[in-house]
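Reading through the structure tokens given below for one structure.
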Amino acid sequence: MSTGIKKSPSNGSEKILSFEEQQAKINEVKRLIGTLPDKLSIYCSDGSISRHLRARNWNVKKATKMLKDTLKWRAEYKPEEIRWEEVAREAETGKIYRSNYFDKHGRPVLVMRPSCQNSKSTKGQIRYLVYCMENAILNLPPDQEQMVWMIDFQGFNLSHISVKLTRETAHVLQDHYPERLGLAILYNPPKFFEPFFTMVKPFLEPKTYNKVKFVYSDDVNAKKIMEDLFDIDKLEAAFGGNDTSGFDINKYAERMKEDDKKMPAIWTRGNPALAASEPAPTSAALTLDSIKLDSDSDASDNEKTDSSSSHGIEPEVVSDHDELVAAGTRNATEDVH
């Protein structure tokens, strides 16, 4: 099978692999990682590994390093164990929440309202963001692996700008949730935001940056953009839709509590014994120390082919919508991770 390089209108070139080549690279990453503890093993489904590979342009060595870092982060941060009661204070104003509708591609929608910021703790804000990401992934339809971010700038001013929070948000999204963002809509950002966005652009990978769309309600094309993406009757009025119900923290809290009940089964493959047993705080880290995750010392032979075929050009990652794992092999656990 041959590897092709397709020109991208935004960032040079894009690598295209056959399904067989993709699967071979997935298997190589599995070999480099070796045996994992239960939750980390569940995370390393074929779908998850393929997303890390896509984020690193199918470079096995780089993808394995990225995956290694995420496994260590998950073992220490335990994002799947965050529950609503822990983050409810951050959620009170509706600054981030998962909407009750999907876009026309079946992607869940995270609504963000930076003007509703109610906390000065970067740590608390990032933890709530992680909770929202895990919840959105939990609610992905079987045939979808990405989500949409809708950022409403109503009431936004200079006091709401935080370079530190923006940098940390970009880090979490790009390094620990690769290929999860399908589109980010910045709705009615003020003019002073554009220079700020230019300033933080270095924090963003080109592919992430290219997923950002500025939409202004007074633009004649705005309505069509939103109609193409959403059912207008379900879309919130703040984004030009017909739903005027607004955010209700009490109703949202009930939804999140119900979702929290589903989370343990996902991370134990429905095994009640595993769900009932909580590992000691240091067990995951100790297990990770013995896992063969040092990709730097065990590069794949495929990487030689990769570098020689690109002729020094840094290719852009492959398109978001390429299906990388045969539909028949996907199960509920893989869809979540």
Side-chain angles (χ1 to χ4, degrees), residues 51-52 55-56 66 69-70 72-74 76-80 82 84 86-99 107-140 145-190 192-215 239 247 256 317 320:
R51 282 188 291 274
H52 285 77
R56 292 296 177 262
M66 183 187 194
D69 291 342
T70 292
K72 287 186 175 181
W73 175 77
R74 294 193 73 91
E76 295 167 1
Y77 202 86
K78 297 180 172 59
E80 77 284 352
I82 303 173
W84 173 254
E86 181 183 343
V87 297
R89 173 68 182 84
E90 293 281 347
E92 286 178 350
T93 60
K95 64 183 179 184
I96 307 178
Y97 60 91
R98 180 176 60 80
S99 71
R107 297 177 293 193
V109 178
L110 281 184
V111 175
M112 301 182 177
R113 292 195 164 93
S115 66
C116 294
Q117 183 57 260
N118 63 337
S119 168
K120 294 183 179 180
S121 169
T122 300
K123 181 179 178 181
Q125 292 172 55
I126 292 298
R127 195 155 183 82
Y128 180 51
L129 171 67
V130 169
Y131 174 83
C132 292
M133 291 294 293
E134 294 288 316
N135 179 268
I137 292 169
L138 175 71
N139 286 278
L140 285 169
E145 61 179 5
Q146 294 186 320
M147 63 191 72
V148 175
W149 284 15
M150 297 270 282
I151 305 174
D152 178 11
F153 281 88
Q154 176 68 34
F156 186 83
N157 59 49
L158 287 170
S159 69
H160 299 121
I161 288 180
S162 170
V163 175
K164 181 180 180 182
L165 180 60
T166 302
R167 183 174 60 244
E168 287 298 310
T169 299
H171 164 64
V172 169
L173 175 66
Q174 295 176 154
D175 293 351
H176 301 315
Y177 294 94
E179 297 301 307
R180 285 305 193 185
L181 179 63
L183 176 67
I185 295 178
L186 277 56
Y187 199 79
N188 285 335
F192 66 79
F193 180 79
E194 294 184 21
F196 167 75
F197 191 70
T198 300
M199 182 175 67
V200 302
K201 183 178 177 180
F203 302 152
L204 306 176
E205 295 176 1
K207 191 173 186 183
T208 301
Y209 180 82
N210 291 330
K211 291 175 181 177
V212 175
K213 182 183 291 291
F214 285 74
V215 178
F239 300 109
F247 176 75
M256 295 302 100
V317 282
D320 292 338

Restricting to salt bridge (charged side-chain N to carboxylate O under 4.0 Å, His left out), what partner residues turn up for [X], sequence neighbours left out?
X	result
Arg89	Glu92
Asp69	Lys65
Arg113	Asp152, Glu236
Glu205	Arg56

Shortest non-hydrogen separation from [X] to [Y] and the atoms involved:
X	Y	result
Asn139	Asn135	ND2-O, 2.8 Å
Tyr77	Lys123	OH-O, 4.5 Å
Lys95	Ser119	NZ-CB, 3.9 Å

Taking the six-membered ring for Trp, are Phe197 and Tyr209 ring centroids under 6.0 Å apart?
yes

Report yes if some heavy atom in the side chain of [X] is under 4.5 Å from a heavy atom in the side chain of [Y]; otherwise report no.
X	Y	answer
Trp73	Val130	yes
Leu204	Lys211	no
Glu145	Arg180	yes
Met256	Val87	no
Pro189	Phe156	no
Asn157	Ser115	no

Taking ring-ring contact (aromatic ring centres under 6.0 Å, His included) as the test, write out the residues that go with Trp149, two or more places apart.
none

Residues in side chain to side chain contact (heavy atoms under 4.5 Å, CB included) with Lys120, at least two apart?
none

Under 4.0 Å between a side-chain nitrogen and a carboxylate oxygen: does that hold for Glu80 and Arg74?
yes

Hey, which of Met133, Gln146, Met147 is the one that makes side-chain contact (heavy atoms from CB on, under 4.5 Å) with Tyr177?
Met133

Option from His52, Lys207, Arg51 for which side chain to side chain donor-acceptor pair (under 3.5 Å) with Glu179 holds
Lys207

Do Thr208 and Gln174 pair up side chain to side chain, a donor and an acceptor below 3.5 Å, judged on atom types alone?
yes

For Glu86, does the CD atom have more than 12 heavy-atom neighbours from other residues, nucleotides or ligands under 6.0 Å away?
yes

